[in-house]
Amino acid sequence: LVRRLAGTDIVGHRSKPMVRFVGRCFSHTICCSPAVQRAHVDLAGRASAAKSSTIVNGAYAPDNKRDHQARTRFRNDLGIPADAFVFCHVGRMMGNGPGTGLDTEPKAQDILLKSFGRAFKGQGAKRLILVGGGRLLPVAQSLADSLGIRNQVHFLGIQPEPWPALHAADAFFFPSRHEGMPNALVEAALCDLPALASDIPEIRSISPGDAWLL
């Protein structure tokens, strides 16, 4: 049996002894980034290093030339003004285990919405697009309502591809609490988007420098 680990939060809502016990059932563990492998070894012990390896996530790179007509149509469909500055975020809203909420969600949409509201509430020319769904989507929408920014935030739910939203954006906002190797951030970079992201090891290790503000 071989397993793949996709995040540094190896335990999540489970107990450490149980996670360690289950880990013994696997002949090998594939980690999606060096940070994930370090987290796995920290939990399972040094002996586990010989039974684990890192295969870094790749990112699909289609023809990412910006289609300005498609960008305009996408914005028009959402009612976004032509002169608006648009932030985009891509991330699931599944929750981090039973009974958990946005305050423990790895993608940190609570921080995303509160930060946007603090900076841009009431500024109709500033918009935020969220791509992604899950059981916490209604919670995120309610939070946007309570912050008074619901008319500036566009919840697109689950989408087949992120590219239309990324091409319609001016910047990418990614305040994750923890990651594996964040494909969404790499895909935003492939679209030439400047990014504002959390300063965590999983993101710091792939930052290209001045293009991203951590």
Side-chain angles (χ1 to χ4, degrees), residues 6-9 32-36 38-39 56-62 64-66 68 71 74-75 78 80-93 96 102-132 136 140 143-144 147-150 152-156 159 161-214:
T8 55
D9 185 18
C32 72
S33 74
V36 173
R38 288 193 296 271
V56 177
N57 275 354
Y60 174 59
N64 275 318
K65 293 180 181 177
R66 293 203 176 209
H68 292 287
R71 171 184 169 94
F74 189 88
R75 286 185 170 219
L78 293 177
I80 297 176
D83 63 344
F85 190 95
V86 178
F87 293 91
C88 183
H89 171 82
V90 179
R92 66 187 183 275
M93 304 183 202
N96 198 25
L102 283 180
D103 59 338
T104 59
E105 172 61 31
K107 302 301 180 183
Q109 285 90 354
D110 57 326
I111 295 175
L112 178 83
L113 292 167
K114 290 175 183 177
S115 299
F116 181 85
R118 183 173 180 178
F120 303 120
K121 178 181 177 180
Q123 299 181 34
K126 301 294 191 296
R127 299 296 179 98
L128 174 62
I129 294 174
L130 278 76
V131 178
L136 295 179
L143 177 57
L147 293 170
I149 57 172
R150 187 66 178 85
Q152 294 172 255
V153 182
H154 306 271
F155 293 93
L156 303 190
Q159 297 292 311
E161 297 287 352
W163 311 113
L166 291 173
H167 286 156
D170 299 296
F172 194 70
F173 194 5
F174 202 66
S176 295
R177 290 185 167 89
H178 52 83
E179 278 291 337
M181 207 297 288
N183 283 40
L185 196 52
V186 175
E187 289 168 347
L190 289 171
C191 294
D192 294 329
L193 285 178
L196 175 63
S198 50
D199 188 9
I200 57 176
E202 303 94 301
I203 291 176
R204 199 181 308 127
S205 65
I206 62 169
S207 172
D210 292 343
W212 296 356
L213 178 63
L214 301 183

> With A35, which residues qualify under side chain to side chain contact (heavy atoms under 4.5 Å, CB included), at least two apart?
Replying inline: T8, S33, R38, E202
> Between F85 and F120, does the ring centre distance come in under 6.0 Å?
Replying inline: no
>> Between R118 and S115, is there a side-chain heavy-atom distance shorter than 4.5 Å?
In response: no
>> How long is the straight-line distance from CZ of F155 back to NE2 of H89, given to the nearest 0.5 Å?
In response: 10.0 Å
> So do the side chains of K107 and R177 get within less than 4.5 Å of each other, counting heavy atoms only?
Replying inline: no
>> Let me confirm one number: the NE2-NE2 distance from H167 to H68, rounded to the nearest 0.5 Å.
In response: 10.5 Å
>> Are the side chains of L136 and E105 in contact, using a 4.5 Å heavy-atom criterion?
In response: yes
>> Return the CD1 to OG distance between I203 and S176, rounded to the nearest 0.5 Å.
In response: 5.0 Å
>> Measuring only between side-chain heavy atoms, which start at C-beta, is L166 closer than 4.5 Å to L190?
In response: no
> I200 versus E179: any side-chain heavy-atom pair under 4.5 Å?
Replying inline: yes
>> Can you tell whether the side chains of D170 and R71 come within less than 4.0 Å, N to carboxylate O?
In response: yes
> Any idea how F116 and F87 line up, ring-wise: parallel (<30°), tilted (30 to 60°), or perpendicular (>60°)?
Replying inline: perpendicular
> How many angstroms lie between CZ in R150 and CD in Q152, if you round to the nearest 0.5 Å?
Replying inline: 11.5 Å
> Should S205 and M181 count as side-chain neighbours, where that means a heavy-atom distance under 4.5 Å?
Replying inline: no
> Hey, are the side chains of N183 and V90 touching, using non-hydrogen atoms and a 4.5 Å cut-off?
Replying inline: no
> Does any N or O in the side chain of R75 come within less than 3.5 Å of the main-chain N or O of A84, such that one atom is a donor and the other an acceptor?
Replying inline: yes
>> Tell me every residue that passes side chain to side chain contact (heavy atoms under 4.5 Å, CB included) with D9, counting only those two or more places apart in sequence or in another chain.
In response: N96, H178
> Would you say M93 and L130 make side-chain contact, with heavy atoms under 4.5 Å?
Replying inline: yes
> Salt bridge check: are K114 and D103 linked by an N-O gap of less than 4.0 Å?
Replying inline: no
